[in-house]
Amino acid sequence: MKPIIYQVFPRWYGNRNLTRKYCGTIEENGCGKLADFTPSVLKHLRQMGITHVWYTGVIRHATMTDYSHYGIPRQHPAVVKGRAGSPYAIADYYDVDPDLSVNPARRMDEFERLVARTHRAGLKVVIDFVPNHVARQYKSIARPEGVRDFGADDDVSQGFTPKNDFYYCPGQPFEPYFDRYHGELFPYEEMPAKATGNDHFDNAPGRDDWYETVKLNYGVDYYAGRIGHFDPTPSLWQKMLHVLLFWAAKGVDAFRCDMVFMVPVEFWRWVIPQVRAEYPDVLFIGEIYDPWLYRDFIAAGFDWLYDKVGMYDALRDITCHRRRAADITSQWQQLDDIRSHMLYFLENHDEQRIASDFFAADGRKAVPALIVSAMLGENAFMLYAGQEYGERGMDCEGFSGHDGRTTIFDYWSVDTLCRADSGELTPDEQSLYEQHRSILNIARKEKAVTDGVMFDLMYVNQHIGDRQYAFLRKAEKDLLLVVANFADEDATADVCIPRHAFDYLHIAEGSIEAKDLLSGSRMTLTLEADKTVRLSLPPRGGCIQKMTF
């Protein structure tokens, strides 16, 4: 089965409040709940071709919303980004975000019911594991009995020691660039200051730093030139293993691990086998941006890694006509030995929306990139909620600003998701959804995609390489000829199939009936070695011609 991950932000996915006040409170703008993922919603995702749902922002994080009447420590707003807060500033690794609960006092029960519903729908559950940093005011109230809290045993007089959970600036108070009052009667104080999450090791993080977070200490002495102290095993490693086992025991099927390259690979080599010793089927997805490190992290046990600096960047440029479509070939070739471990995507919470003015201004323009991403390999593909409708992300919500992204910091509702729920999509949005559902289901169900082999045709088709990309996929008797058209107009592509393709894929020459899995049309193709077949392609679309020998 080809994995197709649906990334969704529960805080706004189910929210139908249309107030959308700039920097609005949860009372003003509303908030989606875990309960919004009803059996019918999950069935809809399954029918769209989804296999895994990544519920982003489940673990409790720093927020300006006051839940102290539920026994949850209040966070100082000076060290919270946005009124709702960043889901990557974890405030308690063992707790669920109360924003997402109908009854915050029963928030863990509501999460466990969500896991059960997701599994009954035939879907797998993915949540974030944020290993590199925590919120500045991290304090666990939900940790199991006998578990020591992070930093509880630290020697704060030491900038670094492998026995500490954090890094410190001994004798120096926290002095960030911003006003430490942030509307409060008393300023936020931290003495001594802890190092900031983005490897900022002094006491004065700037505006562009991850100032709301503190760096966790895996035994690497950054003050002495990144020297590792891993023997004996740092106490933080044991604590993080416990966190992963805690959530795996809840039924979590996969962890999307944040900024994995900021944590030493030695830790991953140690922790992943131990998790799998108890939960053999648990998957690990790594956010990583350094291709030189990919193979080290795969060897450490990661199942899939972000292919951002490579396939995503290339497809974005090709979609915007800044590169030739034929450049796709070099992207997969560079990682051919590990291609099955690469996670393809066109949107996620960090990247700008395709339909935003900062990208393509129209979600339909990326349909050929979707065809390539979903069909090129048997590796995983990820879709971001709202992408299937062409969500523009052009709101100015608050902390997030006018940046072409859907906010992860503010209370908000998403236009296309609200209109999809009420049956008010435009014909273009509905058509885009149908294209996504069709392409994803083809990718998930066609044996030539899930179990077959790929043959890139571009080395003999450079004449179409500016705006078209062509490849074959074959499994047993099924052959797919896939051609994506990145041009804004109809195209006629004369696609050459070289003799080597016939030999390599064991294809018989001759005439054969082909069905375009996208349009449903049928035609007879004459396949001859080193000869071309002529195909008509719609603008910003493509064809998937299926032949059975």
Side-chain angles (χ1 to χ4, degrees), residues 8-38 41 55-92 95-111 113-114 135-139 141-142 178-179 181-186 188 212 349 385-386 391 393-403 405-422 424:
V8 59
F9 206 66
R11 189 194 291 161
W12 47 249
Y13 184 81
N15 187 16
R16 299 297 175 256
N17 184 320
L18 303 181
T19 303
R20 297 177 185 145
K21 178 182 176 181
Y22 178 80
C23 289
T25 64
I26 191 171
E27 292 80 12
E28 292 168 327
N29 284 355
C31 184
K33 307 296 180 184
L34 300 179
D36 294 325
F37 294 90
T38 62
V41 168
Y55 297 106
T56 307
V58 164
I59 298 178
R60 184 164 70 82
H61 54 267
T63 178
M64 290 188 192
T65 302
D66 186 359
Y67 287 100
S68 57
H69 49 293
Y70 289 100
I72 298 172
R74 186 171 178 269
Q75 303 281 315
H76 197 292
V79 286
V80 179
K81 284 184 176 177
R83 189 170 291 278
S86 167
Y88 297 100
I90 299 297
D92 187 344
D95 207 353
V96 170
D97 178 13
D99 279 348
L100 306 182
S101 302
V102 175
N103 178 3
R106 306 287 295 175
R107 56 194 181 275
M108 184 59 78
D109 290 341
E110 292 187 31
F111 173 74
R113 291 199 293 273
L114 171 67
R136 286 216 170 258
Q137 292 183 297
Y138 182 96
K139 180 177 175 58
I141 61 170
F178 52 79
D179 171 22
Y181 285 85
H182 208 81
E184 296 287 292
L185 292 176
F186 301 99
Y188 173 74
E212 83 282 19
H349 68 277
E391 172 58 39
M394 291 299 292
D395 299 322
C396 187
E397 307 99 334
F399 185 88
S400 184
H402 193 73
D403 59 4
R405 299 173 177 87
T406 300
T407 181
I408 64 169
F409 305 105
D410 309 283
Y411 295 112
W412 205 253
S413 63
V414 175
D415 174 58
T416 52
L417 294 176
C418 290
R419 289 190 289 104
D421 190 50
S422 60
E424 298 175 357

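Sequence positions, counted from 1, serve as the residue numbers for this chain. All of these numbers come straight from a predicted model, not from anything done at the bench.
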### Message
Does any part of the side chain of N15, heavy atoms only, come nearer than 4.5 Å to the side chain of W412, both counted from C-beta?
### Response
no

Backbone N/O of [Y] and side chain of [X]: donor-acceptor pair under 3.5 Å:
X    : Y    : answer
T63  : A84  : yes
W12  : L417 : no
N17  : S413 : no
D421 : R16  : no

### Query
Mind checking whether F111 and Y55 have ring centres under 6.0 Å apart?
no

Exercise: identify the closest heavy-atom pair between [X] and [Y]:
X    : Y    : answer
V102 : A35  : CG2-CB, 4.0 Å
E391 : T406 : CG-OG1, 4.2 Å
V8   : F37  : CG2-CZ, 3.7 Å
Q75  : A135 : OE1-CB, 4.5 Å
G85  : R11  : O-NH2, 3.0 Å
P73  : I141 : CD-CG2, 3.8 Å

### Task
Name all pairs fulfilling the salt bridge (charged side-chain N to carboxylate O under 4.0 Å, His left out) condition that reach into residues 95-105, sequence neighbours left out, sorted by first residue then second.
R60-D95, D95-R107

Can you tell me how far [atom2] of [Y] sits from [atom1] of [X], rounded to the nearest 0.5 angstrom?
X    : Y    : atom1 : atom2 : result
F178 : E212 : CZ    : CD    : 9.0 Å
E397 : I408 : CD    : CD1   : 10.5 Å
Y13  : L34  : OH    : CG    : 13.5 Å
I26  : D66  : CD1   : CG    : 12.0 Å
K81  : F399 : NZ    : CZ    : 5.0 Å
C31  : D410 : SG    : CG    : 11.5 Å

### Task
Only counting residues at least two apart or in another chain, list the ones meeting salt bridge (Lys or Arg N to Asp or Glu O under 4.0 Å) with E424.
none

### Query
With sequence neighbours left out, what residues match R405 under salt bridge (Lys or Arg N to Asp or Glu O under 4.0 Å)?
D403

### Query
Parallel under 30°, tilted from 30 to 60°, perpendicular over 60°: which one fits the rings of Y88 and H349?
parallel

### Task
Indicate the ring-plane relationship of Y67 and H69, choosing parallel, tilted or perpendicular according to the 30° and 60° boundaries.
parallel

### Query
Please walk me through it: do R83 and Y411 pass side-chain contact (heavy atoms from CB on, under 4.5 Å)?
CA-CA 7 Å; R83 189 170 291 278; Y411 295 112; 4.2 Å; yes

### Query
Are D395 and R20 close enough for a salt bridge, meaning some N to O gap below 4.0 Å?
no

### Query
Below 4.0 angstrom, N of the basic side chain to O of the carboxylate: do R74 and E184 qualify?
yes

### Message
A quick test of your reading: do over 12 heavy atoms of other residues, nucleotides or ligands sit less than 6.0 Å from CZ of R106?
### Response
no

### Query
Does OH belonging to Y181 count more than 12 external heavy atoms closer than 6.0 Å?
no

### Task
Could you walk me through whether H76 and F186 pass side-chain contact (heavy atoms from CB on, under 4.5 Å), step by step?
CA-CA 9 Å; H76 197 292; F186 301 99; 5.6 Å; no

### Message
I90 vs Y138, test: side-chain contact (heavy atoms from CB on, under 4.5 Å). Steps then yes/no.
### Response
CA-CA 7 Å; I90 299 297; Y138 182 96; 4.1 Å; yes

